[in-house]
Each structure stands twice: as structure tokens, then as C-alpha cells.
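A, B, ... follow the sequence lines: proteins, then strands. Residue 1 opens every chain.
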Amino acid sequence: AQSVAQPEDQVNVAEGNPLTVKCTYSVSGNPYLFWYVQYPNRGLQFLLKYITGDNLVKGSYGFEAEFNKSQTSFHLKKPSALVSDSALYFCAVRVAAGNKLTFGGGTRVLVKP
Amino acid sequence: NAGVTQTPKFQVLKTGQSMTLQCAQDMNHEYMSWYRQDPGMGLRLIHYSVGAGITDQGEVPNGYNVSRSTTEDFPLRLLSAAPSQTSVYFCASSSETLDRTNYGYTFGSGTRLTVV
């Protein structure tokens, strides 16, 4: 079975400071990894994905994530957080040969001015 | 392109009533799925489909039925609504070959269901 863990329910950061949202995963096989963001009363929006290749993936709105196979992690990062980055962030994984996308429990990010 | 369209956006049901949540996509995606979102539990997979005529169960299938008669549509049926099914429901679709798309899975805007 595949699973995703987001160990922090909430991350608080001051505007302008670096933002990190943690994600670890467990799959049997090569993982496809995703980050999505959800704003209040909205659906999920795609941020970035890792399929293969460079371990550092750049995505929308200045976000990036680093795939670390040995630590089975895919942490989301942003060098300088904005108040508008306050939202709910989900990490997700699927096996390369499979179809099911499994989500973590989500991390709420609060960026304070 | 409309993407993934879910209807209705809001619904209140009485315990024991049945209803169908509609999901349609216009991207010719093979894969479609239904998730429910509950506070603190992330998104949990209810049912999914890899193509017309093919469906399978996810993590939490009990109390829900699906069918996939066309590539475009993937309705979710609640047979006898229970308060435990109060949730926000999301439909998602994707192309089978992810490296040919930029956006991975495309999600609908959700249906907020309350069962009283």
C-alpha cells in the first residue's frame, strides 16, 4: 500500500522568511510525487510534480520541492513567503505503474505580515 | 476547455435519501476518481476509473456506487445517505501518461454535502 505523511498540521512563518512544508512517502515502486494547494472554499490547484530527472523541481508561484529517494521525502519550499501563500497544502503520491493518487492529511500554512 | 465540472456545488440531504453527484470532464482523460475531504484527514479515495466500463474501489467505498459509461462522465451515487457522509466531495481526472501533461490531476471545484 502507498501512503503519504505530512507531519505538521500547521506551519507558521513570517512574511519574507523561508517556508518549508514537509512530506514523506511510502510506495512499492518508482514514485510520482505532487504538491497541491487549496484556498478556502476552492478546489485543489496543482503546484508541481516530480516524475523523473532532476531532484529539484520548480513549480508555480515560486515554489520548489526536492525529491530525496534515500529519505523518501518530497519537501515543499519557498525562499520568501508571502501572506497570500496562506492556504492548505497537500502532498500526494502515486506509483509510476499505477493510477491511484494518495494524499497526505494536509498542512495549513499561515504567513503573518 | 471547461476542465472538470461538478454539480451541484451544495446539497443538503435527509438521512436515507439517495442522490447522484455529477462529474464531467472535456479533456479526454482516461482516469477519473472521486475523493472526499474531511477536516484533518486529507483527501480519501472513494472510487476510481481507468476508462469507460472500468471502475474500482478506493479506500472508503462503502455507501457509494459509481459507473463509467462514457469517457466524459463519472457520477457518484449515494444509495442511502448517512450523516457520516457529510463531507466535501472532489472529482479529479488525469491523462494516463503524466509526463505528457503539465498539471498532473485536474480537480473539480467540489460539492459540499450535508446529511441531516
Query raised in the report: Would a 4.5 Å heavy-atom cut-off, applied to side chains only, mark A:R94 and B:Y31 as touching?
Result: no
Report task. Tell me whether A:F46 is reachable from A:Y32 by hopping between hydrophobic residues (I, L, V, M, F, W, Y) whose side-chain heavy atoms are closer than 4.5 Å. Result -> yes
Query raised in the report: Would you say B:Y105 and B:F74 are hydrophobically clustered, going by side-chain heavy atoms of ILVMFWY under 4.5 Å?
Result: no
Requested in this report: Pull out the residues in residues 107-116 of chain B that come under 4.5 Å of chain A, heavy atom to heavy atom, sorted by number.
Outcome: B:F107, B:G108, B:S109, B:R112
Query raised in the report: Are A:L56 and A:V93 connected in a single hydrophobic cluster, I mean Ile/Leu/Val/Met/Phe/Trp/Tyr linked by side-chain heavy atoms less than 4.5 Å apart?
Result: no
Query raised in the report: Do B:V60 and B:Y48 belong together in a cluster built from hydrophobic side chains that touch within less than 4.5 Å?
Result: no
Requested in this report: Report whether B:L21 and B:V12 are members of the same hydrophobic cluster (ILVMFWY, side-chain heavy atoms less than 4.5 Å apart, transitive linking).
Outcome: no
Query raised in the report: Tell me, do B:Y35 and A:L101 make a side-chain contact under 4.5 Å, heavy atoms counted?
Result: yes
Pairs under 3.5 angstrom only: tabulate donor-acceptor contacts from the side chains of residues 79-86 of chain A to other protein residues two or more places apart or in another chain.
{"residue": "A:S80", "atom": "OG", "partner": "A:G16", "partner atom": "O", "Å": "3.4"}
{"residue": "A:D85", "atom": "OD1", "partner": "A:K78", "partner atom": "NZ", "Å": "3.1"}
{"residue": "A:D85", "atom": "OD2", "partner": "A:K78", "partner atom": "NZ", "Å": "2.8"}
{"residue": "A:D85", "atom": "OD2", "partner": "A:L82", "partner atom": "N", "Å": "2.8"}
{"residue": "A:S86", "atom": "OG", "partner": "A:V83", "partner atom": "O", "Å": "2.9"}
{"residue": "A:S86", "atom": "OG", "partner": "A:V111", "partner atom": "N", "Å": "2.9"}

Query - Spacing of A:F34 atom CZ and B:S94 atom OG [to the nearest 0.5 Å] - result: 7.5 Å
Report summary line: Turns out that what part of B:L45 lies under 4.5 Å from chain A's heavy atoms comes down to side chain
**Report entry** Value rounded to 0.5 Å, distance of CZ in A:F103 from CZ in B:F90
**Finding:** 9.5 Å
Requested in this report: Identify which part of B:Q6 has an atom lying under 4.5 Å from any heavy atom of chain A, answering side chain, backbone, both or neither.
Outcome: neither
Query raised in the report: Side chain, backbone, both or neither: which part of A:L88 has a heavy atom under 4.5 Å from chain B?
Result: side chain
Query raised in the report: For A:Q45, is it the side chain, the backbone, both, or neither that has a heavy atom closer than 4.5 Å to a heavy atom of chain B?
Result: neither
